[in-house]
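Proteins come first, then strands; the chains are lettered A, B, ... in the order of their sequence lines, and each starts at number 1. Everything quoted here is computed from the prediction, not taken from an experiment.
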Amino acid sequence: MGLGILFQGSNFERLLGGLGVTAEIAFVSVFFACILGVLLGIVMTSRNKIIRFWCRFYLEVVRIIPLLVLLFLVYFGFAKWFNAHLDGVLVCIVVFVFWGAAEMGDLVRGALTSIEKHQVEAAYALGLSKMQTFIYILLPQSLKRVTPGAINLFTRMVKTSSLAMLIGVLEVIKVGQQIIETSLFTDPSAALWIYGVIFVLYFVICYPLSLFSKYLESRWEN
Amino acid sequence: MGKLEIMALLEIKNLVKNYGEVTALNGIDLSVKKGEVVVILGPSGCGKSTLLRCINGLEEIKSGELTLQNYGKLGKDISWVEVRQHIGMVFQSYELFSHMSVIDNILLGPMKVQKRKREEVEKQADELLKRVGLYDRKNAYPRELSGGQKQRIAIVRSLCMNPEIMLFDEVTAALDPEMVREVLDVILNLAKEGMTMLIVTHEMGFARQVADRIVFMDKGEIIEQDIPEYFFTNPKTDRAKAFLNILNYESRGTDYEQNI
Amino acid sequence: MNWQYIWNAVPRFIDATLLTLNLSLWSIILSMIIGVFCAVVLVYKIRGLQGFVKAYIELSRNTPLLIQVFFLYFGLSKIGIKLDGFTCGIIGLAFLGGSYMAEAFRAGLEAVSKGQIESALSLGLTSRQAFRYVIFPQAFAISTPAIGANCLFLMKETSVISAIAVAELMFLAKDIIGMDYKTNEALFLLVVFYLIILLPVSVYIRYLERRLRRAKYGA
């Protein structure tokens, strides 16, 4: 009864397996999003108005369209237009990278431009080339400023990956639903406990991350 | 009537104020008579602003007694909220409410605290605004005004509460020199009209002109008190002498060799 | 792309949009109330409640809306609390939105300079009066862009409520795709209608941000 449902059969392992899918989506997405984001961020500092315009446009599109809509667009859209049925996990990763790259790009751009002009000028005055200035001065300082935002993005990806269940991905909530459905007769109150446990699981993953991010921020304040 | 011992309007006895371990005010005794203008001078950190802030309850005191004539002990016989209706304060950073127009800034206190009618307060406000020359800015917003104008409005705002005593905390320190004059003129006029005031300022010429009494403080204590003529020409204590000397740029030359 | 079908589907989309807006409005109002309450508790360090508020904020920020809503809709019904989808949606959205609003408002409160409070008190205002006439209006004005961004966020999150069978925009689109196989048409209308309600809000927030920046330089 109650929480005991967790320990019936392989329920708990299955839930953890679902979390594994969540982790997979989040890690892969954030990895590529960071790489692309850094590149995008550098591009966004370009002086070319046209480039900046398209970058802004991309950012605005990502920001204004609800993520679930993006997921649906890719999932159903691709299936219809290219007659290809994409795996839900892949769709998720694609959309998350699309989203994450934009956010990371904006973060990186913000970090790069926030480093005082004087630092860059001082570096040039010492004879450093543009590339050297970037590698030794801008990059290290930007990384510090970007990291809390990046961790925050990762945490948000973990939470948003829950939406993947709505396009059929067998992540933790979907697994939970399956467990509930199979125990409708044996354990009618399963829904309360399973969803409650999943709630706690998400918290247990995300809260330490946010604490870690705050810790890093306070350490780097000095 | 001859010179009777008039009871003080504000009586401060043995005021002590701490910030943790640090003693900011170390037993202040001060009597202020009605209509008197007291100017408090002293080096930075001597506690003059702290003293003012204790008088209207913005700072909590450790021990000591503040008594307002007809009302009793401040904080005990009369609540601080009520005290502040009788003792007004004007700040260095004017602190006008930026989301309200000038007239709304002035009306807020009298209407919400003293529950006076709008027409009556507005009449008084108009009069005061005319006297400081800012009647035409009645409906302007603080962001449209210069520093000097804002400070004059801040003074009018406090005056509309009809306080018995006005406290001025370095009110010209944040102003450009051109605007200092217009604010000091307002305060001088108030003095002529008999307002009881405690003024903390750096403007020595002004202090000399407006004060009935100079109170010199250092390190949380009152070192010397005197009428302005005597204080500025012939200070009694060494510390006062040192303080006044700092302000005489001519008498101090920089002999770098000597300082080695 | 079947334009006739699109034309015929528009009324249903309008209905769904109204429901989306309804969800948004309720959740915005509720989350602002929660937010102001939490912010005041945190900034003024109201004893006893600080712990609750901090716990609430951490819980709501570190869990996905979907699970919050599932718990409310499917979980609570098992212990007799049967709430309809719309109500669950609003509770879930307000639960999530409240912590975001709290943060926005807290920042606004802390941005009001101490001098303002002191000069308000020096006029004889009580703390409550000072808060009501001087601090709150300024704090609210300062936090307007952040509050605006949160409103936009909540409007987007209403799409998640489709998962508990609330007939808002997302649900309708899924329905059309599932029942009539009109994928392109459904997706097209979905994007168009979301843009119709979200773009104006987004533009208005930009305007508010610019106005705030101008006001700051004037003050």
Side-chain angles (χ1 to χ4, degrees), chain A residues 2 22 60-61 63-81 152 155-167 171-174 176-177 180 184 187-211, chain C residues 20 55 57-81 96 149 152-163 169-171 173-174 176-178 181-188 190-191 193-195 197-199 201-203 205-206:
Chain A
T22 303
E60 292 305 315
V61 164
R63 286 220 164 122
I64 204 159
I65 302 203
L67 214 93
L68 192 54
V69 173
L70 281 176
L71 279 175
F72 268 41
L73 276 173
V74 174
Y75 188 68
F76 290 112
F78 259 79
K80 186 76 181 244
W81 306 329
N152 172 267
T155 313
R156 275 184 292 150
M157 279 189 179
V158 167
K159 289 188 288 172
T160 315
S161 67
S162 58
L163 297 180
M165 69 146 288
L166 296 173
I167 52 173
E171 50 72 68
V172 69
I173 300 183
K174 190 99 185 145
Q177 273 190 336
I180 293 168
L184 262 180
D187 214 331
S189 70
L192 184 75
W193 298 104
I194 295 288
Y195 287 135
V197 164
I198 298 175
F199 182 91
V200 170
L201 283 173
Y202 268 110
F203 184 75
V204 159
I205 298 174
C206 296
Y207 184 54
L209 280 173
S210 80
L211 282 181
Chain C
T20 299
I57 291 182
E58 291 304 330
L59 273 175
S60 85
R61 297 197 91 156
N62 290 300
T63 51
L65 178 64
L66 191 61
I67 195 71
Q68 294 167 13
V69 149
F70 270 21
F71 181 79
L72 286 169
Y73 189 66
F74 296 115
L76 287 185
S77 71
K78 301 298 178 180
I79 54 173
I81 307 176
L96 180 67
L152 190 70
F153 169 73
L154 282 172
M155 288 172 81
K156 294 196 301 175
E157 290 292 297
T158 58
S159 54
V160 173
I161 312 297
S162 62
L169 275 172
M170 196 78 228
F171 183 83
K174 223 166 95 163
I176 293 183
I177 295 177
Y181 300 105
K182 294 272 186 275
T183 312
N184 290 338
E185 291 77 6
L187 291 176
F188 174 76
L190 180 66
V191 172
F193 272 87
Y194 263 121
L195 284 177
I197 56 173
L198 294 173
L199 268 178
V201 177
S202 177
V203 165
I205 295 175
R206 291 298 151 80

note = Given the options Phe71(C), Tyr73(C), Phe70(C), Tyr195(A) meets ring-ring contact (aromatic ring centres under 6.0 Å, His included) only with Phe70(C)
note = Interatomic distance, OH@Tyr202(A) vs CD1@Ile67(C), rounded to 0.5 Å, equals 7.0 Å
task = Find the one option among Leu152(C), Leu190(C), Leu199(C), Asn184(C) whose heavy-atom pairs under 4.5 Å with chain A are most numerous.
result = Asn184(C)
message = Only pairs of heavy atoms separated by less than 4.5 Å count here; which of Glu157(C), Met155(C), Gln68(C), Arg206(C) has the most with chain A?
response = Arg206(C)
query = What pair of heavy atoms forms the shortest contact from Val69(A) to Met170(C), and how long is it?
reply = CG2-SD, 3.8 Å
note = Between the CD1 atom in Ile177(C) and the OH atom in Tyr75(A), the distance rounded to the nearest 0.5 Å is 11.0 Å
query = Shortest non-hydrogen contact from Gly75(C) to Leu192(A)?
reply = O-CD1, 3.4 Å
inquiry  = Quick one, Pro64(C) and Leu163(A) - any side-chain contact, counting heavy atoms below 4.5 Å?
reply    = no
ask   = Taking all non-hydrogen atoms of both residues, which atom of Ala163(C) and which atom of Leu166(A) are closest, and how far apart?
value = CB-CD2, 3.7 Å
ask   = Is chain A contacted by the side chain of Phe153(C), its backbone, both, or neither, given a heavy-atom distance below 4.5 Å?
value = neither
request  = Considering only heavy atoms and a distance below 4.5 Å, find which of Gly77(A), Ser162(A), Pro66(A) pairs most often with chain C.
outcome  = Pro66(A)
ask   = Roughly how far, to the nearest 0.5 Å, is OG1 of Thr160(A) from CG of Leu66(C)?
value = 10.5 Å
note = One should read off an interatomic distance between Leu70(A) CG and Ser159(C) OG, to the nearest 0.5 angstrom, of 10.0 Å
ask   = Which value, rounded to the nearest 0.5 Å, describes the distance between Ile205(A) atom CD1 and Thr63(C) atom OG1?
value = 12.0 Å
request  = Can you tell which part of Thr158(C) gets under 4.5 Å to a heavy atom of chain A, answering side chain, backbone, both or neither?
outcome  = neither
request  = Tell me, for Arg156(A) versus chain C, whether the close heavy atoms (under 4.5 Å) come from the side chain, the backbone, both or neither.
outcome  = neither
task = Indicate yes or no: at least one non-hydrogen side-chain atom of Phe199(A) is less than 4.5 angstrom from one of Leu59(C).
result = yes
query = When you look at CZ of Phe203(A), are more than 12 heavy atoms from neighbouring residues, nucleotides or ligands closer to it than 6.0 Å?
reply = yes
query = Which pair of non-hydrogen atoms, one from Ile64(A) and one from Ser202(C), has the smallest distance, and what is that distance?
reply = CD1-CB, 3.8 Å
query = Can any side-chain N or O of Lys156(C) pair as donor or acceptor with the backbone N or O of Leu68(A) at less than 3.5 Å?
reply = no
